Amino acid sequence: QVQLVESGGGLVQAGGSLRLSCAASGRTFSTFAMGWFRQAPGKEREVVAAISWSGGSTYSADSVKGRFTISRDNAKNTVYLQMNSLKPEDTAVYYCAAARSKLRYSDYFTEVDEADYWGQGTQVTVSS
């Protein structure tokens, strides 16, 4: 069992930055691929960025490429999402997810149904 707790969300003006953190419980964090997803009102949950268990492979959605960076510190059981040049369309609830048993194609994951565990989410609001 892995528990995930996100933090770092909030209200920021367009062009600003935020850093989200996701702290994981348990001693198996380093065996999980991790991902950040987001869900805006009325929309489906979508992948933002993902990272392999070692940190050697990463993925970023086209909509955030060049602006958001995912990283992890296995010694601290934490995964981060650095968000720069934020836009109003980045407004959403951001979720951290962990995957190990249902990875389909790679050592990271991009699909909601590949996740084994989810955090409770943190709100990010970007004002124009």
Side-chain angles (χ1 to χ4, degrees):
Q1 187 77 9
V2 175
Q3 291 185 323
L4 305 172
V5 179
E6 302 97 334
S7 62
L11 173 64
V12 64
Q13 288 188 333
S17 298
L18 283 174
R19 188 195 197 201
L20 304 184
S21 299
C22 172
S25 65
R27 293 176 290 179
T28 60
F29 173 76
S30 63
T31 68
F32 282 85
M34 300 298 296
W36 285 98
F37 291 71
R38 67 186 181 187
Q39 188 165 20
K43 294 188 176 181
E44 293 187 352
R45 194 170 295 190
E46 62 177 4
V47 65
V48 175
I51 190 166
S52 63
W53 65 270
S54 68
S57 300
T58 61
Y59 166 89
S60 294
D62 287 344
S63 58
V64 305
K65 201 163 291 184
R67 300 188 298 122
F68 292 10
T69 303
I70 189 170
S71 62
R72 67 187 297 161
D73 185 337
N74 285 344
K76 295 183 178 180
N77 280 15
T78 303
V79 62
Y80 305 97
L81 184 68
Q82 179 66 44
M83 305 187 294
N84 298 327
S85 302
L86 282 160
K87 304 175 180 180
E89 51 263 42
D90 294 320
T91 295
V93 178
Y94 283 70
Y95 296 91
C96 172
R100 185 172 63 185
S101 65
K102 295 183 282 186
L103 295 178
R104 281 200 286 267
Y105 305 115
S106 181
D107 55 357
Y108 56 80
F109 65 108
T110 61
E111 301 294 331
V112 169
D113 63 358
E114 292 183 271
D116 292 303
Y117 302 101
W118 291 94
Q120 82 289 350
T122 186
Q123 177 71 45
V124 171
T125 302
V126 184
S127 63
S128 57

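Start at 1 with the first residue, then count along the sequence. Source: prediction; values computed, not measured. The figures here come from the full heavy-atom set of this structure, side chains too, leaving out hydrogens, waters and symmetry mates.
With values rounded to the nearest 0.5 angstrom, Phe109 atom CZ is found 7.5 Å from Leu103 atom CG. Note that OG1 of Thr125 is 11.0 Å distant from CG of Asp90, once rounded to the nearest 0.5 Å.
Aromatic ring centres of Trp36 and Phe68 lie farther apart than the 6.0 Å criterion allows. No close placement of the Tyr95 and Tyr117 rings is indicated, their centers lying 6.0 Å or farther apart.
Within the 3.5 Å criterion, the main-chain N or O of Ala115 finds a donor-acceptor partner in the side chain of Lys102. A donor-acceptor pair is defined here as one N or O able to donate and one able to accept, closer than 3.5 Å; such a pair exists between the side chain of Asn74 and the backbone of Trp53. A donor-acceptor distance shorter than 3.5 angstrom exists from the side chain of Asn77 to the backbone of Gly26, with no hydrogens or angles considered.
Taking a 6.0 Å sphere around CD of Gln3, one finds it holds 12 or fewer heavy atoms contributed by other residues, nucleotides or ligands. Crowding of Lys76 atom NZ: a count of heavy atoms from other residues, nucleotides or ligands under 6.0 Å not exceeding 12. Within 6.0 Å of CZ on Arg104 lie more than 12 heavy atoms contributed by other residues, nucleotides or ligands.
Applying the side chain to side chain donor-acceptor pair (under 3.5 Å) test between Tyr94 and each of Glu6, Arg38, Gln123 identifies Arg38 as the sole match.
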Query raised in the report: Would Thr69 and Leu81 satisfy side chain to side chain contact (heavy atoms under 4.5 Å, CB included), going step by step from the backbone distance to the final call?
Result: CA-CA 6 Å; Thr69 303; Leu81 184 68; over 6 Å; no

**Report entry** Trace of the side-chain hydrogen bond (donor to acceptor under 3.5 Å, both in side chains) decision for Ser85 with Arg67
**Finding:** CA-CA 6 Å; Ser85 302; Arg67 300 188 298 122; over 6 Å; no

Query - Audit row: Leu4, Met34, side chain to side chain contact (heavy atoms under 4.5 Å, CB included) steps and yes/no - result: CA-CA 11 Å; Leu4 305 172; Met34 300 298 296; 4.0 Å; yes

Report task. Please report the C-alpha distance between Asp116 and Ser101 in whole Å, then the side-chain angles of each, then the deciding distance to 0.1 Å, and finally whether the side-chain hydrogen bond (donor to acceptor under 3.5 Å, both in side chains) criterion is met. Result -> CA-CA 7 Å; Asp116 292 303; Ser101 65; 2.7 Å; yes

Requested in this report: Show the numbers, then the answer: is there a side chain to side chain contact (heavy atoms under 4.5 Å, CB included) between Thr122 and Leu20?
Outcome: CA-CA 8 Å; Thr122 186; Leu20 304 184; 4.1 Å; yes

**Report entry** Audit row: Gln82, Ser71, side chain to side chain contact (heavy atoms under 4.5 Å, CB included) steps and yes/no
**Finding:** CA-CA 8 Å; Gln82 179 66 44; Ser71 62; over 6 Å; no

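If you chain together hydrophobic residues whose side chains sit under 4.5 Å apart, Tyr59 and Tyr80 never meet in one group. In the hydrophobic clustering of ILVMFWY residues, with side-chain heavy atoms under 4.5 Å counting as a link, Ile70 and Val112 come out apart. Hydrophobic clustering places Val12 together with Met83 (ILVMFWY residues linked when any side-chain heavy atoms are closer than 4.5 Å, directly or through intermediates). Under the 4.5 Å side-chain heavy-atom criterion for grouping Ile, Leu, Val, Met, Phe, Trp and Tyr, Val126 is connected to Val64 within one hydrophobic cluster.
For Arg72 and Phe29, the positive end sits near the middle of the six-membered ring, less than 6.0 Å away and at most 45° from its axis. In this structure, Arg45 forms no cation-pi arrangement with Phe37, as its terminal cationic atom is not both closer than 6.0 Å to the ring centre and no more than 45° off the ring axis.
Scanning both residues, Ala61 and Val47, for their nearest heavy atoms gives CB-O, 3.7 Å. Shown here for Gln39 and Lys43, the closest heavy-atom pair between the two residues is NE2-O, 3.1 Å. Nearest heavy atom pair, residue Ala92 against residue Ala40, reads CB-N, 3.9 Å.
Between Gln13 and Leu86 there is no side-chain heavy-atom pair separated by less than 4.5 Å. Side-chain contact between Cys22 and Thr78: absent, with no pair of heavy atoms (C-beta onward) separated by less than 4.5 Å. Between Thr91 and Val124, the closest side-chain pair of non-hydrogen atoms is not below 4.5 Å.
The closest side-chain donor-acceptor pair between Ser57 and Asp107 falls under 3.5 angstrom.
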